[in-house]
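Lettering follows sequence order; numbering is per chain, from 1.
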Number of protein chains: 2
Amino acid sequence: MSKREQILNAASQVIATKGANQLTLDAVAAEAGVSKGGLLYHFPNKDELIKGLNIHVITCFRNMIEAELESGIPYSQAYLQATIKTSADPDFLLVNSSLIAAVSNNSDFLNLWAEEYERFHQAWEQEGLSKEKSVVLRTLCDGLWFSSMFQLYPVANVDQQIVFDYMMKLLREELS
Amino acid sequence: MSKREQILNAASQVIATKGANQLTLDAVAAEAGVSKGGLLYHFPNKDELIKGLNIHVITCFRNMIEAELESGIPYSQAYLQATIKTSADPDFLLVNSSLIAAVSNNSDFLNLWAEEYERFHQAWEQEGLSKEKSVVLRTLCDGLWFSSMFQLYPVANVDQQIVFDYMMKLLREELS
DNA sequence: TTAAATTAACCGTCCAGACGGTACAGTTAG
DNA sequence: CTAACTGTACCGTCTGGACGGTTAATTTAA
């Protein structure tokens, strides 16, 4: 793992354990085992660090979808698979913390996600699903993310499986 | 509106417009038209302010559900109605910002929500819905909140209606 | 009845510490 | 020689919060 990646992981670790408001350059450098100077060598300022974190996570998610597509399944199913995999412990740490950092700092970081969502949307549209099904499916995916982010109830893992099965059922109905 | 409420609204306004990391006592006091001392009279420290914001919002949501129940509809439907109403512009501002403040500061604030969710759960269970339906419905509600929070795609309002209709359809199927 | 005491609600200033960021002189590995 | 760092020292600003007023209403005491 490159130092750069170590730093990004450290940043999300700090957010996850201490909260986004404790995301300081010193804390990230310490967590990553890097000096402050070294941190600032890779990310010239804090905003660039958060931006880098978001871009990294978005890229990971996109790659995950593309990896799923390799097996020849339709896009919508690949998206569901990637969502399930992502929202499962503990990989979700990165998504979680990058979104939190983005929304906490209220800069243009959420736009990065919005642009990616736009691409997701276009791919969904070409799938031939009914409007209702596609909106419901995407809202369910969002709901899984929400539940992974805030963890407001503990039995999430079992429930996630139920939701996933339901989504697959919806997909099969439609595509057959 | 009491000064206390003014302050809470100001806090969520600051979070919504400037981001959670700009939630400073000075900014809230200025937004509320109160001096810093006056703010600290009502909330002895910043944590108490955030806690107060979350309790306020949770109470509002609970009251909204209870208001819906007055008309004799079942609990699950009241919950859906309250969710739709809450996630519609611009009332969601309060929910949104209180959750963001809670997760940014990573203190025990999310526990307040978790406790409330626990109560929601118990009410859902007594509804006689199948496990699958109730999990799907609740995940859809979470998804609506997620989409209202992050607003990653713009056409949310139309889609929300579709999701709501779908949820009502699910409910009718089951309860009939 | 009225003066004094108390209290609630709020103002405005000040300060220690935290934080982002700079500067720069070394060090290590390839 | 260069890229990728380390380490230290430092600066200016921001921020939480302590603190000492102030004002007006209310209560108490004589």
Side-chain angles (χ1 to χ4, degrees), chain A residues 1-56 97-98 100-110 112, chain B residues 1-56 97-98 100-110 112:
Chain A
M1 187 165 49
S2 69
K3 272 275 159 69
R4 202 190 133 93
E5 246 177 302
Q6 274 180 47
I7 291 171
L8 291 178
N9 283 327
S12 69
Q13 192 67 37
V14 168
I15 293 171
T17 55
K18 301 182 179 176
N21 65 341
Q22 299 289 345
L23 182 76
T24 65
L25 297 183
D26 286 312
V28 173
E31 178 75 32
V34 171
S35 69
K36 193 174 176 178
L39 168 59
L40 285 167
Y41 175 79
H42 288 283
F43 302 96
N45 55 53
K46 194 180 175 181
D47 267 15
E48 286 298 319
L49 172 63
I50 297 175
K51 186 176 165 188
L53 179 61
N54 279 273
I55 288 176
H56 175 61
S97 47
S98 76
I100 290 171
V103 80
S104 296
N105 289 46
N106 201 37
S107 308
D108 302 325
F109 307 130
L110 276 183
L112 298 170
Chain B
M1 187 164 51
S2 69
K3 271 274 159 69
R4 204 190 132 93
E5 247 176 302
Q6 274 179 47
I7 292 172
L8 291 178
N9 283 327
S12 68
Q13 191 68 36
V14 169
I15 293 171
T17 56
K18 302 182 179 176
N21 65 340
Q22 301 288 345
L23 183 76
T24 65
L25 298 183
D26 285 312
V28 173
E31 179 75 33
V34 172
S35 70
K36 197 170 178 178
L39 168 60
L40 285 167
Y41 173 78
H42 289 282
F43 301 96
N45 55 54
K46 194 179 174 182
D47 267 15
E48 286 298 319
L49 172 63
I50 299 174
K51 186 175 164 189
L53 180 61
N54 278 274
I55 289 176
H56 175 62
S97 48
S98 77
I100 290 171
V103 80
S104 297
N105 287 46
N106 201 38
S107 307
D108 302 325
F109 307 131
L110 276 182
L112 298 170

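The 12-atom threshold is exceeded at NZ of A:K46, counting heavy atoms of other residues, nucleotides or ligands nearer than 6.0 Å. Atom CG of A:D47 is surrounded by more than 12 heavy atoms from other residues, nucleotides or ligands within 6.0 Å.
If you check D:dG17, C:dC19, C:dG20 against the side chain of A:K36, the one that comes closest is C:dG20. Taking every side-chain heavy atom of A:K46 into account, C:dG20 is the closest of D:dG17, D:dT6, C:dG20. For A:S35, whose side chain is taken as the heavy atoms from C-beta onward, the closest listed nucleotide among D:dT6, C:dA8, D:dT15 is D:dT6. Proximity note for B:L40 (side chain, C-beta onward) versus C:dA9, D:dT6, D:dA18: the nearest is D:dA18. Proximity note for A:K3 (side chain, C-beta onward) versus C:dC11, D:dC5, C:dC19: the nearest is D:dC5. When distances are taken from the side chain of A:H42 to each of D:dC5, D:dG17, C:dC10, the shortest belongs to D:dC5.
Each of B:L39 and A:N21 was assigned the nucleotide of DNA chain C with the nearest heavy atom; the assignment lying further toward the 5' end belongs to B:L39. In terms of position along DNA chain D, the nucleotide closest to A:V34 lies nearer the 5' end than the nucleotide closest to the other residue of the pair A:V34 and B:G37.
Terminal axes of the helix from C:dT1-D:dA30 to C:dG30-D:dC1 (five pairs each, C1' rotation axis) are separated by 20°, to the nearest 10°.
We find that CG of B:D26 is positioned 9 Å from C1' of D:dG16, with the value rounded to whole Å. Between the CD atom of B:E48 and the P atom of D:dG16 there is a distance of 15 Å, given to the nearest Å. Between A:D47 atom CG and C:dC19 atom P the separation is 17 Å, expressed in whole Å. Note: CD (B:Q22) to P (D:dT13) measures 16 Å, nearest angstrom. Rounding to whole angstrom units, CG of residue A:N45 and P of D:dG12 are separated by 20 Å. Rounded to an integer number of Å, the gap from OH of A:Y41 to C1' of C:dA23 is 17 Å. Taking atom CZ on B:R4 and atom P on C:dC10, their separation rounds to 12 Å, with Å as the unit. B:F43 places its CZ atom 19 Å from the C1' atom of D:dA18, with the value rounded to the nearest Å.
Between B:H56 and B:R4 there is no side-chain heavy-atom pair separated by less than 4.5 Å.
Rounded to the nearest 0.5 angstrom, A:E31 CD and A:I7 CD1 are separated by 12.0 Å. Note: A:S98 OG to A:N54 CG = 4.5 Å, rounded to the nearest 0.5 Å. Of the inter-residue distances, the one linking B:S2 atom OG with B:L8 atom CG reads 8.0 Å to the nearest 0.5 angstrom.
No side-chain donor-acceptor contact under 3.5 Å links A:N105 to the backbone of B:N21.
Note on B:L23: only backbone sugar-phosphate atoms sit closer than 4.0 angstrom, heavy atoms only; bases stay farther off.
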